[in-house]
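Inspection log for the structure reproduced underneath, given as structure tokens.
All figures in this text were calculated on a predicted structure; none of them were measured in a lab. Numbers restart at 1 for each chain; the letters A, B, ... are given by sequence-line order, proteins then strands.
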Number of protein chains: 2
Amino acid sequence: MLFAERGYDGTSVDDLVQGLGVHRGSLYKVFGSKRGLYLAALRHHLEDEVLPTVAALTVTSGPAEALAQAAGGFDGGAAAGLLLSAAVHQAPTDPDVAALVEEALRALERALAAVLGEPADSPLIGALGASVLGLRLRDRAFGPAASAPAVHALAVRLAD
Amino acid sequence: MLFAERGYDGTSVDDLVQGLGVHRGSLYKVFGSKRGLYLAALRHHLEDEVLPTVAALTVTSGPAEALAQAAGGFDGGAAAGLLLSAAVHQAPTDPDVAALVEEALRALERALAAVLGEPADSPLIGALGASVLGLRLRDRAFGPAASAPAVHALAVRLAD
DNA sequence: ATCGGTCAAGAACGAGCGTTCCAGAACTCA
DNA sequence: TGAGTTCTGGAACGCTCGTTCTTGACCGAT
């Protein structure tokens, strides 16, 4: 997904037209504007990738596996960049984006809470959700090499 | 800092000229380009804000205080957005930015390792550094309300 | 055969982008 | 004082942006 790789401002409509192989006119007919397409992409990413992955956490064999899957999941890395990018750059100024990002994080925290047997609104769960996001950010900036051991260490330390 | 709030692509040279009160010509004479100014701002943020804050961690009274200070520090929140923004959007495609971001994270991890008495390259320290970043991201997207209890919970759980 | 409606291809639009340039005011220092 | 340098305000450049419009090809139904 182009938005995930280059961010909203870094992706031009020309890039989208060329990358998606769709015609300019169709794009504006269906989505109305660049922002409309962005919101649709974010919603799609949330509903078809983040939420299913998050739902799958609750049937893992334990906290360590659940955390590892959360930090590595979503869709292999590329589109989780869309969530990160939205949280960092769009959410602070766009309420619609902020609502979608918040929904994604709440779902993640609910799943983590269920696995760990904690209340969903506990501070620890909030910290854990943030940790998952931070590990994805690390992957994005430095490549995915370092995160797997890190998340394992965090999991065994927390889920004692 | 404008770059921190709106991101690199979201900040125009006109915005910078007007916001900084500096003349267009002077800006290009000193920094050469918009990217040069961005790198200078990132370097300044790293050396004058991140590194001192990180250094101060090692003299806190304990792990919980150190984590809380790391998650709340840097410079009150605004410019830490510069580090987040750089990590998410510039680092993947700009090696110079990636090097600066990596330097900042390594310094943070070294300090956390010193406070917790762990080796600096241990997976747990990597996870903790990511957690701090993730908590800052949460603050940025949702406002700073929720992070303080979260980081406290994480700290008491980890620094047993 | 012809019609209304959807479609692709891309030209065109005004605005904004990063960058350069210039004319003149303000300084420096012999 | 006066020559040389540095600042300032802003116009101008070529380009790209998001968006709209024109044109012509294709379609099943009349």
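The distance from atom NE2 of B:His23 to atom C1' of C:dT19 is 12 Å, rounded to the nearest whole Å. Taking atom NZ on B:Lys29 and atom P on C:dC21, their separation rounds to 13 Å, with Å as the unit. As a whole-Å value, the separation of B:Arg24 CZ from C:dC22 C1' is 14 Å. Rounded to a whole Å, the OH atom of A:Tyr28 is 17 Å from the C1' atom of C:dA8. Going from atom CG of B:Leu27 over to atom P of C:dT19 covers 9 Å, rounded to whole Å.
Remark: B:Asp14 engages B:Arg24 in a salt bridge, criterion side-chain N to carboxylate O under 4.0 Å.
With A:Arg140 contributing its side chain and B:Val88 its backbone, the two residues share a donor-acceptor pair below 3.5 Å. With hydrogens and angles ignored, the 3.5 Å screen pairs a side-chain donor or acceptor of A:Asp15 with a backbone N or O of A:Ser12. Judged by distance alone, the side chain of A:Arg6 and the main-chain N or O of A:Thr11 form no donor-acceptor pair under 3.5 Å.
Nearest heavy-atom pair, A:Leu2 versus A:Gly19, reported as atom, atom and distance to 0.1 Å: CD1-CA, 4.3 Å.
Relative ring orientation between B:Phe3 and B:Tyr8 is described as parallel, the plane-to-plane angle staying below 30° on a 0-90° scale split at 30° and 60°.
Of the candidates B:Glu49, B:Gln90, B:His45, B:Leu82 forms a side-chain contact (heavy atoms from CB on, under 4.5 Å) with just one, namely B:His45.
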Please produce a list of atom pairs where a protein N or O lies less than 3.5 Å from an N or O of nucleotides 14-17 of chain C.
none

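Protein chain B contacts DNA chain D over a range whose 5' and 3' limits, counting nucleotides with an atom under 4.0 angstrom from a non-hydrogen atom, are D:dT8 to D:dA11.
For B:Glu47, there are no salt bridge (charged side-chain N to carboxylate O under 4.0 Å, His left out) partners, not counting sequence neighbours.
Considering only side-chain N and O atoms, A:Ser26 lies under 4.0 angstrom from the phosphate OP1 or OP2 of C:dA8.
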